[in-house]
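Residue numbers start from 1 in every chain, and the chains themselves are labelled A, B, ... in the order their sequence lines are given, proteins ahead of strands.
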Amino acid sequence: MLLPIEEYRMSFPVQTIRHSYSHVMAEAVIKLHPGTKVAIGPAIDDGFYYDFLFPEALQPDDLPAIEKEMRRIISANVPFNRVEVSKAEAKAMFADEPFKLELIDGLEDGTISIYEQGVFRDLCRGPHVDTTRDLKPDAFKLRAIAGAYWRGDEKRPMLTRIYAYAFGSKADLEAHLKLLAEAEKRDNRKLGKELGLFSTHEEAGPGLIYWHPKGGRFRVELENWWRDEHYGNGYEILFTPHIGKSWLWETSGHLGFYKEGMYSPMEIDEDDYYIKPMNCPFHIMIYNNDVHSYRELPLRWAELGTVYRYERSGTLHGLMRVRGFTQDDAHIICTPEQIEDEIAEVLRFSLHMHKTLGFKEIKAYLATRPAGNGAVGDPAMWDTALESLRKAIGKEGLAYEMDEGGGAFYGPKIDLKVKDALGREWQLTTIQFDFNLPERFDMTYVDSDGQKKRPYMVHRALLGSIERFFGVYLEHTAGAFPIWLAPEQAVVIPVGPDFADYAATVAADLKKAGVRVKAMLSDERMNAKIRDAQNQKVPYMLVVGAKERDEGTVAVRVRDGRQLPAMPVAAFVEMVQALVRERSLEL
RNA sequence: GCCCUUGUAGCUCAGUUGGCAGAGCACAUCCAUGGUAAGGAUGAGGUCAUCGGUUCGAUUCCGAUCGAGGGCUCCA
């Protein structure tokens with residue numbers, strides 16, 4: 001198909017467009033802030049950034065001027081020219097740019113490409129658009145300034161990064177800004193506050209979650225379901241201590257390779273005890289308490305285990321990144337012959353759980369043995385493990401990506417990411433082989449030939465952590481939970497004070513039937529109560545007046561605005577019970 | 001931890017070019033008899049994050065600390 005000329009001009013890949021914008025921004029910055037050194041400026045998912053070293057600190061107020069200068073450059077229709085030079089020539093050209101010199105030193109010998117537009121030139125592999133006219137003056141927006149270490153290394157200088165959104169057209173930019181506005185409305189911290197679900201308290205310690213009554217309702221329902229599903233799928237549930245003596249963590253190796261993630265020890269009877277960052281060593285203590293026959297395997301042991309990990313203060317974020325959290329952990333201990341079926345089963349189980357929660361799109365990321373000699377375990381075991389992971393993915397027909405060398409030193413893994421209602425991906429599930437701990441704790445089972453053998457051990461968390469899952473689910477549902485997880489399932493609203501008694505009776509009947517309900521009997525007007533209930537995302541609002549009282553019915557308003565025909569109280573109870581039983585996602 | 005921003009009532013936010021601290025919502029009391037997204041009046045509520053400095057005087061300016069927000073390879 002032939003495109004009009006203008007369409008051709010726009011048909012550069014968006015990554016190329018973003019990268020060209022970043023050069024334009026660098027030109028603008030150099031012009032407005034002479035003496036600034038440039039570092040790197042790549043395209044990213046929704047735009048681009050460029051890292052600079054400014055002679056004086058850049059303020060957010062400086063961004064509009066930069067944006068304006070960029071528009072001027074764009075409308076000036078400046079061509080991008082590619083120039084090829086030798087390494088020595090390049091070093092001469094960028095003699096004043098220490099970061100560029102370092103980059104040049106890192107390049108292979110041979111020709112080096114430079115891109116020039118106007119007075120600005122940059123070391124760059126390219127490609128770029130033809131001229132600045134291929135960029136739209138209204139399809140980008142400078143977003144924020146942020147600190148970023150040169151080459152991501154905290155031992156190197158802190159540079160100033162300018163982030164920007166950039167797209168091929170104004171419409172795409174606006175659509176993206178709209179998505180961001182929607183995401184902001186769903187922010188777990190905001191909804192947690194508005195819906196009275198949880199809080200954090202700086203005076204009591206950041207990164208620690210306080211679950212309020214309504215958050216507690218959600219959690220109890222979620223955990224009850226989780227336990228039922230685990231018992232129904234061949235798991236046993238464990239409870240283990242929150243602290244353990246240093247012997248445990250020395251044996252596990254955590255004090256060797258995970259110490260920065262652990263809190264300082266407390267001394268009890270002259271021994272050092274550490275609060276647990278992981279549950280695995282405790283589960284192994286239970287395993288090693290007895291001699292195990294191959295006949296007992298596989299063992300699937302799960303625990304809602306609360307762990308504490310040190311996270312740097314700058315990384316804490318609402319429910320998503322905290323310092324104390326409850327993993328929905330499990331360890332599967334099995335023979336080599338069983339491993340393939342066990343992996344397939346845990347993957348099937350994960351997908352079943354996610355589907356029940358309403359996640360439709362799920363993608364797998366398969367991480368293999370890291371390069372170098374840091375990895376533990378026999379390469380043959382890695383191969384078997386990887387094969388079982390790959391087969392399980394194939395069996396479930398799951399889309400997946402390879403993450404070569406992305407495995408932990410102790411084993412390969414599958415991570416599952418779910419796509420939420422806004423199309424964002426969240427990692428929840430991780431299924432990891434562990435070739436390290438069985439060795440360190442000398443775990444064994446007696447095989448059919450009477451020999452002691454080493455079992456396979458797999459860690460897995462389905463929801464990840466209850467806290468983080470709560471955050472993801474809040475953002476996915478915007479706080480409008482399915483009925484079985486809703487902290488309040490219904491409210492009863494009398495149209496006036498005369499009907500308060502009937503409203504109270506209805507609420508009492510519903511409560512007796514197991515419905516989470518509250519009668520709204522304050523002296524507010526009915527409209528105000530409906531508004532409150534809507535804002536609290538209560539699934540059902542039961543409005544009662546003379547008609548309902550006389551007929552023993554309720555008028556049902558649904559959270560989505562639908563109005564159901566008036567029904568007897570018993571019929572409403574039946575409806576709710578059926579939806580809860582089915583864990584329906586619809587009301 | 002580091003860079004930038006930021007901290008005023010339970011919540012969302014104004015404000016003081018350094019001179020008695022403000023609004024809306026929420027809360028309390030009263031009035032209002034009401035049918036599907038905010039009825040009205042009155043009242044209570046703050047050591048302006050904390051500590052120090054400058055100043056006749058600091059919530060305001062400066063510094064430090066603590067927290068929060070946006071970032072800084074990976075990881076629940």
Side-chain angles (χ1 to χ4, degrees), chain A residues 49 51 54 57-62 143-163 187 189-190 193-194 196 199-207 258 260-261 277-279 305 307 309-329 367 370 403 405-408 413 415 426-430 432 459 461-469 471-472 493-500 522-535 541-548 555-559 561-563 566:
Chain A
Y49 68 79
D51 286 346
F54 286 92
L58 190 76
Q59 301 299 316
D61 303 347
D62 295 324
R143 167 155 65 111
I145 63 181
Y149 296 103
W150 169 233
R151 304 202 132 173
D153 181 346
E154 42 192 284
K155 291 182 192 69
R156 319 230 26 203
M158 173 67 72
L159 306 176
T160 301
R161 175 170 298 178
I162 303 179
Y163 278 101
D187 188 294
R189 295 161 299 184
K190 190 171 143 83
K193 210 177 264 185
E194 287 172 2
S199 58
T200 56
H201 300 272
E202 57 174 279
E203 65 275 36
Y258 197 71
E260 322 74 62
M278 294 183 191
N279 303 300
V307 299
R309 297 181 185 175
Y310 175 71
E311 295 285 353
R312 296 188 296 177
S313 61
T315 63
L316 299 176
H317 185 90
L319 288 169
M320 300 303 195
R321 183 159 236 98
V322 295
R323 285 179 172 164
F325 55 99
T326 301
Q327 290 182 304
D328 70 320
D329 207 358
D403 181 5
K413 64 171 180 176
D415 289 336
W426 300 97
Q427 188 198 322
L428 298 178
T429 302
T430 185
Q432 307 187 349
H459 308 264
L462 298 188
L463 306 176
S465 81
I466 302 295
E467 285 76 6
R468 187 175 135 90
F469 172 76
V472 169
I493 300 174
V495 300
D498 284 353
F499 313 103
S522 77
D523 51 9
E524 290 291 336
R525 297 186 66 203
M526 179 198 66
N527 281 340
K529 292 175 187 175
I530 287 177
R531 182 172 191 274
D532 282 352
Q534 283 289 155
N535 287 338
M541 284 147 272
L542 309 179
V543 178
V544 296
K547 187 165 173 290
E548 289 75 17
V556 182
R557 180 192 164 105
V558 189
R559 176 172 65 193
R562 277 147 61 217
Q563 182 70 42

When the [atom1] atoms of [M] and [N] are compared, how many Å lie between them, rounded to an integer?
N	M	atom1	value
B:G71	B:U59	P	34 Å
B:C48	B:U60	C1'	9 Å
B:A23	B:G19	C1'	23 Å
B:G52	B:A58	P	13 Å
B:G1	B:U65	P	10 Å
B:U47	B:C4	C1'	30 Å

Mind checking [X] for me? I need base, sugar-phosphate or nothing, with any heavy atom below 4.0 Å counting as a touch.
X	answer
A:R151	nothing
A:Q534	base
A:D153	nothing
A:M526	sugar-phosphate
A:L58	nothing

A:D187 or A:Q563, whichever maps to the more 5' nucleotide of RNA chain B: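 Taking each residue's closest nucleotide, the earlier one in sequence belongs to A:Q563.
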
Upstream residue (5' side of RNA chain B) when A:L428 and A:V556 are each assigned their closest nucleotide: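 Result of the comparison: A:V556.
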
Has the side chain of [X] got a donor or acceptor that lies under 3.5 Å from a partner of the other kind on the base of [N]?
X	N	answer
A:E548	B:G35	yes
A:D498	B:U33	yes
A:Y149	B:G1	yes
A:R161	B:C4	no
A:R559	B:A37	no

For a quick test of your reading: what N or O donor-acceptor pairs under 3.5 Å do the side chains of residues 320-327 of chain A make, sequence neighbours left out?
{"unit_1": "A:R321", "atom_1": "NE", "unit_2": "A:E311", "atom_2": "OE1", "d": "3.3"}
{"unit_1": "A:R323", "atom_1": "NE", "unit_2": "A:E311", "atom_2": "O", "d": "2.9"}
{"unit_1": "A:R323", "atom_1": "NH2", "unit_2": "A:E311", "atom_2": "O", "d": "2.8"}
{"unit_1": "A:T326", "atom_1": "OG1", "unit_2": "A:R219", "atom_2": "NH2", "d": "3.0"}
{"unit_1": "A:T326", "atom_1": "OG1", "unit_2": "A:T306", "atom_2": "OG1", "d": "2.8"}
{"unit_1": "A:Q327", "atom_1": "OE1", "unit_2": "A:N279", "atom_2": "ND2", "d": "3.2"}

Minimal non-hydrogen separation, A:A367 against A:G406, with atom names: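 Closest approach of A:A367 to A:G406: CB-C, 3.4 Å.
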
Under the 3.5 Å Watson-Crick or G-U criterion, the dot-bracket string of RNA chain B, with | for inter-strand pairs: (((((((..((((.....[..)))).(((((.......))))).....(((((..]....))))))))))))....

Short side-chain donor-acceptor distance under 3.5 Å, A:Q432 and A:T430: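 Judged by distance alone, the side chains do pair up.
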
Selected nucleotide, minimal atom distance to A:R525 side chain, candidates B:G1, B:G69, B:G35: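 My answer, after comparing the listed nucleotides, is B:G35.
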
